[in-house]
Amino acid sequence: MRMLFFAVILFIAACAKPAIEVPKTQQEPVLNGKEEATLKETLESKKKAYEKSYLEELQGLKKLSPEDISPDMIAKAQHSDSDVVTENGVLAKMIHFDFDSYELNAEAKQVLEEVAKYLNEYKTLRIVIEGHCDERGTREYNLVLGMKRAEVAKKYLSDLGIDEKRLDIVSFGKDKPLVVGTGEEVWSKNRRDQFRRIQ
Amino acid sequence: MKYLKYLIFFVAFLSITAFKIQITNPNLRPFRLYIENFNAAEGKNVYSYVVSNLKLLPNFELSSSKDGVDFELSMGVEGDTFNAFVTNIKNGETYTFKLKHYNTDVVSNANLLSDKIYEKITQTKGFFTTNIVFSMNWKGIRQIFLTDITGKAFKKLTNNKGDSIAPKISHNRRYVVYTQYLTGAGTALRLIDLETLEDKLLYSSKEINLAGGFEKDDKSVLFVAFDGKVSKVYELFFTDNNKKNELYRTRARVVTPVTTFDNGKIAFVSDEYGSPQVFLLNKSDKKITKISQNPAYITSPSFTIHGTHYAYIGQSNGSRNIFITSLDGADFVVLTHGSKNYEDPIWLSNERFILTYTIKDNASKVILIDIPTQQNIQLFSVPAKINYMSAN
């Protein structure tokens with residue numbers, strides 16, 4: 001019996017494919033000095049542009065140059081789909097809420113667990129949780145409701161072990177619908193939290 | 001039993017709408033006015049704007065002859081000065097108004113002259129010099145805009161990278177406060193000085209910071225900071241190094257803190273006891289008092305300059321309509337009816353008119369409502385969705 005066991009082990013070992021050592025170049029591409037310098041430069045300039053843009057937004061004082069505009073110019077500046085969120089960096093996963101509610105349903109919790117898994121895979125990633133509402137109710141009240149919706153998702157992700165420092169929240173109220181129109185089908189799509197990568 | 005409270009609300013609602021009372025005291029009789037023809041080419045634009053302004057109002061009846069009129073108005077140009085003469089037929093007195101350099105800013109000058117004429121005839125405050133600020137989409141980002149009350153002179157004020165919303169203009173028409181979304185998350189409260197054209201940062205945080213308006217003396221801004229859990233109501237003194245004073249803190253949702261024109265109290269909308277209602281906050285002891293009793297939600301309160309009454313948006317017949325009431329709820333009037341959704345009522349300082357707007361099919365109509373006659377007067381339309389409006 002013991003002989004048979006060793007024979008089987010020897011057979012399996014003989015049939016096994018020899019381990020292939022992956023050359024280092026395939027594991028992580030090595031850049032030559034010039035490429036590395038270019039990449040560093042690009043990353044540095046992107047970082048600087050982001051910081052500049054943020055500082056510009058936050059700058060204490062700026063001088064305005066009011067521009068005279070006509071109704072024609074106003075009409076041209078409107079896009080039929082301009083209110084719809086089309087920003088890059090928005091994750092495909094989103095969660096939805098009941099009317100005037102900021103409670104997480106089972107489906108929303110499942111999506112948040114997937115988002116948490118994603119954040120656990122990419123440890124340096126930070127996200128903004130954007131709270132949105134449907135068109136009913138007032139703008140101000142919806143801004144507050146959207147903030148509640150974002151906060152409840154943040155709390156759930158935090159309970160799942162995601163560092164709160166990686167989670168920012170913002171509310172757009174009813175100002176950035178996913179779908180333009182009226183009726184429950186549209187409203188239910190617009191009552192949502194979206195997740196946007198910021199780093 | 002389940003529906004008893006709704007029935008009580010409904011009966012109470014019907015009983016208070018059943019009697020409408022006169023809450024302002026303007027001279028309701030339309031003044032009969034004769035305007036002399038203007039034949040000169042120079043100054044014709046100012047004349048035309050003044051006449052079209054006066055024609056809008058239900059408290060003037062423009063007459064084609066001098067017979068039986070209360071006032072006569074004639075206008076003319078002398079060098080670079082535009083003159084207007086208003087004659088009171090009853091006592092024979094003539095009042096002269098002179099506009100120097102009238103051609104430098106025709107719309108502003110015509111509105112200023114319209115106010116002077118209005119004030120002389122009605123003995124009440126004019127409102128054609130009112131400035132309106134609002135936010136709307138501009139190439140995908142919301143920016144802040146300014147216009148005169150007749151919609152003849154639009155100006156785009158901001159060119160920000162993040163959405164800019166909820167502008168409020170000060171009572172002296174010099175400052176505009178607004179909220180700007182920052183990259184990533186968080187919002188900044190900024191202040192535009194329309195005199196110096198400076199746009200400065202007042203406050204920024206990761207919260208939603210929304211201004212409700214300016215205090216009576218135009219030295220401070222009232223705003224709410226909400227982080228998703230707690231609402232904090234602040235008074236920020238932009239004339240005193242942006243010193244911030246927390247007035248109230250609650251776990252309820254609070255929006256639009258506004259002046260009541262009483263230095264000791266402010267008002268805001270809160271869902272502290274259920275549906276959003278108007279509350280007064282006593283600044284000294286931080287006590288709040290619910291003053292509205294509307295069964296549905298309420299929003300956008302705007303007080304008269306004497307602080308005796310306020311207008312707000314409430315639900316009626318499935319639409320957002322304007323209601324006006326005294327602080328004790330006694331003088332209650334449903335000012336608008338029908339299926340239009342009205343937004344942001346602003347009680348103008350002459351107390352007879354309320355400015356508001358409606359949106360339909362991607363266009364906004366800015367409307368003046370004459371309180372005594374409940375007449376809707378369309379001032380202008382914008383081929384875009386207005387998003388927050390304020391006026392002073």
Side-chain angles (χ1 to χ4, degrees), chain A residues 50 53-54 56-83 86 102 126-131 137-155 167-173 175-176 196 198-199, chain B residues 136-140 142 145-146 151 153-163 165-166 180-188 192 196-201 204 206-208 210 224 226-229 231 253-256 269 271 276 297 299-300 313 320 343 362 381-385 387-388:
Chain A
Y50 179 83
S53 132
Y54 187 70
E56 270 174 17
E57 280 184 342
L58 257 187
Q59 65 183 310
L61 191 67
K62 55 186 173 187
K63 197 82 177 169
L64 295 173
S65 315
E67 193 187 327
D68 289 329
I69 53 165
S70 65
D72 281 353
M73 290 164 78
I74 295 172
K76 275 182 194 160
Q78 309 303 308
H79 307 177
S80 59
D81 62 346
S82 59
D83 288 340
T86 52
Y102 51 91
R126 283 176 61 216
I127 59 165
V128 181
I129 307 166
E130 299 177 348
T138 71
R139 288 163 323 219
E140 291 92 344
Y141 186 74
N142 276 321
L143 276 171
V144 171
L145 179 61
M147 206 67 179
K148 282 262 186 199
R149 285 178 176 165
E151 171 60 29
V152 76
K154 180 182 175 181
K155 169 86 173 46
L167 308 168
D168 278 330
I169 58 170
V170 71
S171 169
F172 289 106
D175 293 336
K176 294 198 175 211
R196 187 160 46 86
I198 49 173
Q199 222 173 54
Chain B
M136 72 175 172
N137 170 40
W138 184 267
K139 297 175 183 171
R142 274 162 296 173
F145 297 81
L146 172 79
F154 283 101
K155 279 191 195 314
K156 178 168 160 281
L157 292 180
T158 60
N159 197 21
N160 289 327
K161 286 176 183 162
D163 279 313
I165 60 164
Q180 185 198 351
Y181 280 89
L182 300 173
T183 305
T187 57
I192 295 172
T196 63
L197 294 176
E198 283 172 355
D199 179 343
K200 69 172 183 176
L201 177 72
S204 74
K206 290 200 167 180
E207 299 151 307
I208 278 281
L210 274 181
V224 174
F226 183 71
D227 63 359
K229 294 175 199 156
S231 303
R253 287 175 275 185
V254 173
V255 290
T256 48
V269 173
D271 64 354
Y297 72 79
T299 186
S300 311
I313 296 286
R320 286 195 289 276
E343 307 275 1
N362 293 320
S381 67
V382 183
K385 283 182 189 169
N387 180 256
Y388 299 94

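Protein chains get the first letters and strands the later ones, always in sequence-line order, with residue 1 at the start of each. Everything numeric here is computed off the predicted structure, so don't read it as measured data.
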Heavy-atom distances under 4.5 Å only: say whether Val128(A) touches chain B with side chain, backbone, both or neither.
side chain
Taking the side chain as every heavy atom from C-beta outward, state whether Lys176(A) and Asp163(B) have any atom pair closer than 4.5 Å.
yes
Compare all side-chain heavy atoms of Asn387(B) with those of Asp175(A) and state whether any distance is below 4.5 angstrom.
yes
Less than 4.5 Å apart, any side-chain heavy atom of Val255(B) and any of Val144(A)?
yes
Under 4.5 Å between any side-chain heavy atoms of Val170(A) and Leu182(B), yes or no?
no
Segment of Val254(B) engaging chain A (4.5 angstrom heavy-atom cut-off):
backbone
Are Lys229(B) and Glu151(A) close enough for a salt bridge, meaning some N to O gap below 4.0 Å?
yes
Proximity breakdown for Glu198(B) and chain A, heavy-atom pairs closer than 4.5 Å:
both
Any salt bridge between Lys206(B) and Asp168(A), counting N to O under 4.0 Å?
yes
What I'd like to find out is whether the side chain of Tyr141(A) reaches to under 4.5 Å of the side chain of Pro276(B), using heavy atoms alone.
yes
Salt-bridge present (Lys156(B), Asp68(A); N to O < 4.0 Å):
no
Side-chain touch Leu146(B)/Pro66(A), heavy atoms, less than 4.5 angstrom
no
Answer with side chain, backbone, both or neither: which region of Ile313(B) has an atom nearer than 4.5 Å to a non-hydrogen atom of chain A?
neither
Examine whether an atom of Ile129(A) lies under 4.5 Å from a heavy atom of chain B, and if so say whether it belongs to the side chain, the backbone or both; otherwise answer neither.
neither
Between Pro383(B) and Pro71(A), which heavy-atom pair has the shortest distance, and what is it?
CG-O, 3.3 Å
Specify the closest pair of heavy atoms between Asn137(B) and Gln78(A), including all atoms of both residues, with the distance to one decimal.
O-NE2, 2.8 Å
Check: Ile69(A) and Phe145(B) side chains under 4.5 Å, non-hydrogen atoms
yes
Minimum-distance pair of heavy atoms, taken over all atoms of Arg139(A) and Tyr388(B)
NH1-N, 3.1 Å
Please report the shortest heavy-atom distance between Ile74(A) and Trp138(B), naming the atom on each side.
CA-CZ3, 3.8 Å
Given 3.5 Å as the limit, does a donor-acceptor pair link the side chain of Tyr181(B) with the main chain of Ser171(A), or not?
yes
For the residue pair Asn160(B) and Lys62(A), confirm or rule out a side-chain donor-acceptor distance under 3.5 Å.
yes
Taking the side chain as C-beta and beyond, is there a heavy-atom pair between Glu140(A) and Leu210(B) under 4.5 Å?
yes
The interface call for Tyr297(B) against chain A, heavy-atom contacts under 4.5 Å, is side chain
